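All remarks here apply to the structure that follows.
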Amino acid sequence: MNWSKLIRQTHRWLSIIFTATVAANFITMAFGQPPAWVVYSPLLPLFLLLFSGLYMFVLPYVAQPRG
């Protein structure tokens, strides 16, 4: 598996994890004040999504043309 496919697959899984942590955050807020680790849990996947998304955005501009 090359790096591009690995980054794309990781980005997809990170988006699922991020969505789940945000949903868990809202669910726990419905029951009162959530603990700090629940509130800040979406930040790690969000930062990783930022870096993988920037990589995928820049990749077509720096790639060598084929043919």
Side-chain angles (χ1 to χ4, degrees):
M1 182 178 274
N2 61 15
W3 279 105
S4 181
K5 288 183 181 180
L6 181 67
I7 296 285
R8 288 181 188 277
Q9 188 67 27
T10 304
H11 189 81
R12 288 183 190 122
W13 279 106
L14 283 171
S15 66
I16 293 169
I17 293 169
F18 175 71
T19 304
T21 56
V22 170
N25 199 344
F26 279 107
I27 290 169
T28 56
M29 282 185 185
F31 297 111
Q33 183 67 25
W37 67 271
V38 174
V39 174
Y40 295 118
S41 63
L43 290 179
L44 178 62
L46 181 63
F47 284 124
L48 295 174
L49 277 169
L50 172 72
F51 294 125
S52 62
L54 285 174
Y55 171 80
M56 290 190 301
F57 177 77
V58 171
L59 189 63
Y61 297 108
V62 297
Q64 299 293 331
R66 296 183 191 180

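Start at 1 with the first residue, then count along the sequence. Nothing here was measured: the structure is a model prediction, and the numbers come from that model.
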*Arg8: side chain to side chain donor-acceptor pair (under 3.5 Å) partners, not counting sequence neighbours*: none
*asked:* Please enumerate all residues that pass side chain to side chain donor-acceptor pair (under 3.5 Å) together with Ser52, with sequence neighbours excluded.
replied: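 Testing Ser52 for side chain to side chain donor-acceptor pair (under 3.5 Å), a comparison that skips the adjacent residues, returns His11.
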*If you link I, L, V, M, F, W and Y whenever their side-chain heavy atoms are under 4.5 Å apart, who else ends up in the same group as Val62?*
Phe57, Val58, Tyr61
If you look only at distance, which donor and acceptor atoms sit under 3.5 Å apart when one is on a side chain in residues 29-43 and the other is two or more places apart or in another chain?
from  : atom 1 : to    : atom 2 : distance (Å)
Ser41 : OG     : Val38 : O      : 2.9

*Looking at CG of Leu54 and CG of Leu59, how far apart are the two atoms once the value is rounded to the nearest 0.5 Å?*
12.0 Å
*asked:* Run the ring-ring contact (aromatic ring centres under 6.0 Å, His included) test against Phe26 and tell me which residues pass, sequence neighbours left out.
replied: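 In terms of ring-ring contact (aromatic ring centres under 6.0 Å, His included), with neighbours along the sequence ignored, Phe26 is linked to no residue.
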*Spell out, yes or no, whether Phe51 and Tyr55 are grouped together once hydrophobic residues are joined by side-chain heavy atoms under 4.5 Å, including indirect joins.*
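No, separate clusters.
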Could you go through residues 12-23 and list every donor-acceptor pair under 3.5 Å that involves a side-chain atom there, pairing it with any protein atom two or more places apart or in another chain?
from  : atom 1 : to    : atom 2 : distance (Å)
Arg12 : NH1    : Gln9  : OE1    : 3.4
Ser15 : OG     : Arg12 : O      : 2.5
Thr19 : OG1    : Ser15 : O      : 2.8
Thr21 : OG1    : Ile17 : O      : 3.2
Thr21 : OG1    : Phe18 : O      : 2.8

